[in-house]
Every structure is written in C-alpha cells, then in structure tokens.
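First up is the structure itself, then whatever we jot down about it.
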Amino acid sequence: MTTHVLILCTHNSARSVLSEGMLNHWAKVLGKDVRAHSAGSAPSGRINPFALEALGNAGVDTAGYRSKSWDEFTGPDAPGMRIVITVCESAAAETCPYWPGSPVKMHWGYPDPSNAPGGDEGKRAAFELTRQAVGYRMLQLLSLPFDSMNDAELQQALEDISKN
C-alpha cells in the first residue's frame, strides 16, 4: 500500500516543492512505494523558477509541477495522508499551516531560499543548499519501514530524524 506524504508550506512555491520533488525522486530511485504531494495554505499560484532549476539540476523531472492549494487534498477523492510535514520557518514570522486529522505530523522548518541575498546567484546557491538539506531528510524518511511501523513509532522516528 502506498504511503502518502503531504508537505505543506504557506505559498507552495519553494520549500514544499523541493521536498515533494526530492521525496518522489528518491522513492523512485530506491523503489519505495511512497508518494509525496505538496501544497500551500495560501498558494502563490506559481513555482519559484529557482526551485525548478535546483530540482532539474539534480535530475528531478518537474514536468507538471504547479502551485497547489491544500484544499485539493481534503476531498473524498484525495489520497489518505499518513504523514503531514510542514516546512515553513516560524522563526521568520511565517504562519505554518495546520493540518487536522493526519495520524503523523512533523515540522521540519527551512529558511525561505527566496529571501536569500546576493541576487540571482545568491538565490541559486540558497535553493541548492535547501534542496540538499531537504533531500537528506527525505532519504532518512525513506529508510523507515513504513509497513511495519505503527503511527506512534513512525512519529518517534520522524522526531529522531528532525534531530539530525
């Protein structure tokens, strides 16, 4: 059975898109039955081109990527989310989305690479560093034996990953 992971941020234009891309990429490479989805509580309507560039440079196919509202994942036809991860940065005074009802929730905050100084090159570097950090956590997530873990064990494992 596919494990569905919803990754939320405010605008669904950068960090959540990087997370979705990296989790789906690594799941495919590793042959894991895991599917990431990303959305925003106030989607911008566009994906940051630096996010698409960073994913593309890492070999991630971004065809069909778009900025989505979390409303798409609340209907009766939406897949059931086993894990919901927020990736906003509350230290930057962002309001992180709250997702009710999912059995396992985790917050892995990352600074917004869209705000990096240094013009386009500074933003490219920030997006690449964020992609690498996100990719590392997604690899750790994919190392978990989802099918043999109950929700409490999975929650603890995600908390342990957050300390690395």
Problem set entry | Which residues share a ring-ring contact (aromatic ring centres under 6.0 Å, His included) with H25, sequence neighbours left out | none
Problem set entry | Nearest non-hydrogen partners of V87 and S16, listed with the distance | CG2-N, 3.7 Å
Exercise. So which heavy atom on F73 is nearest to which on A39, and how close?
Worked result: CE1-CB, 3.8 Å
Exercise. Is there side-chain contact between S114 and F127, with at least one heavy-atom pair below 4.5 Å?
Worked result: yes
Exercise. Hey, what do you get for OG (S38) to CD (E72), rounding to the nearest 0.5 Å?
Worked result: 9.5 Å
Problem set entry | L55 vs V17 side-chain heavy atoms within contact, under 4.5 Å | yes
For this session: Mind telling me whether H37 and H4 have parallel, tilted or perpendicular rings, with 30° and 60° as the class edges?
Result: parallel
For this session: Applying side-chain contact (heavy atoms from CB on, under 4.5 Å) between I161 and each of R137, M106, Q156, report the one that passes.
Result: R137
Problem set entry | Nearest non-hydrogen partners of A116 and G122, listed with the distance | CB-O, 3.7 Å
Problem set entry | side chain to side chain donor-acceptor pair (under 3.5 Å) evaluation trace for D151 with Q155 | CA-CA 6 Å; D151 290 342; Q155 182 72 50; over 6 Å; no
Problem set entry | V84 and V104, any side-chain heavy atoms less than 4.5 Å apart | no
Exercise. Nearest heavy-atom pair of V5 and M81: which atoms, and what distance?
Worked result: C-SD, 4.0 Å
For this session: Supply the atom-to-atom distance E128 CD to R124 CZ, rounded to the nearest 0.5 angstrom.
Result: 11.5 Å
For this session: Report whether Y136 and L23 are members of the same hydrophobic cluster (ILVMFWY, side-chain heavy atoms less than 4.5 Å apart, transitive linking).
Result: no
Exercise. How many angstroms lie between atom CG of L18 and atom CD of Q132, to the nearest 0.5 angstrom?
Worked result: 11.0 Å
For this session: Check step by step if salt bridge (charged side-chain N to carboxylate O under 4.0 Å, His left out) holds for E20 and R15.
Result: CA-CA 9 Å; E20 174 187 18; R15 293 161 289 184; over 6 Å; no
Problem set entry | T86 side-chain N/O to C88 backbone N/O, donor-acceptor pair under 3.5 Å | no
For this session: For the residue pair L6 and I85, establish whether any side-chain heavy-atom pair is separated by less than 4.5 Å.
Result: no
Problem set entry | Side chain proximity check, R35 to T3, heavy atoms < 4.5 angstrom | no
Exercise. Linking I/L/V/M/F/W/Y whenever their side-chain heavy atoms sit closer than 4.5 Å, directly or via other members, would L129 and W26 fall into one cluster?
Worked result: no
Problem set entry | Full working for side chain to side chain donor-acceptor pair (under 3.5 Å) between N48 and S13 | CA-CA 5 Å; N48 190 303; S13 65; 5.5 Å; no
For this session: Keeping the roles fixed (side chain from S67, backbone from H11), state whether a donor-acceptor pair exists under 3.5 Å.
Result: yes
Exercise. Is E53 salt-bridged to K123, going by a charged N under 4.0 Å from an acidic O?
Worked result: no
Exercise. Are I83 and L158 side-chain neighbours, meaning at least one heavy-atom pair lies under 4.5 Å?
Worked result: yes
For this session: Kindly indicate whether the side chain of D120, heavy atoms from C-beta on, has any atom under 4.5 Å from the side chain of F50.
Result: yes
Problem set entry | Closest approach of P43 to G40 (non-hydrogen atoms, all atoms of both residues) | CD-O, 3.5 Å
Problem set entry | Residue pair N12 / W70, side-chain heavy-atom distance below 4.5 Å | no
Exercise answer: donor-acceptor pairs, residues 138-150 side-chain atoms, under 3.5 Å, sequence neighbours excluded:
from : atom 1 : to   : atom 2 : distance (Å)
S143 : OG     : Q140 : O      : 2.6
S148 : OG     : P145 : O      : 3.2
N150 : OD1    : A152 : N      : 3.0
N150 : OD1    : E153 : N      : 2.7

Exercise. If you round to the nearest 0.5 Å, how far is SG of C9 from OH of Y110?
Worked result: 11.5 Å
Exercise. Which value, rounded to the nearest 0.5 Å, describes the distance between L8 atom CG and H107 atom NE2?
Worked result: 11.5 Å
Exercise. What heavy-atom pair brings T130 and P111 nearest, and what distance separates the two atoms?
Worked result: OG1-O, 4.3 Å
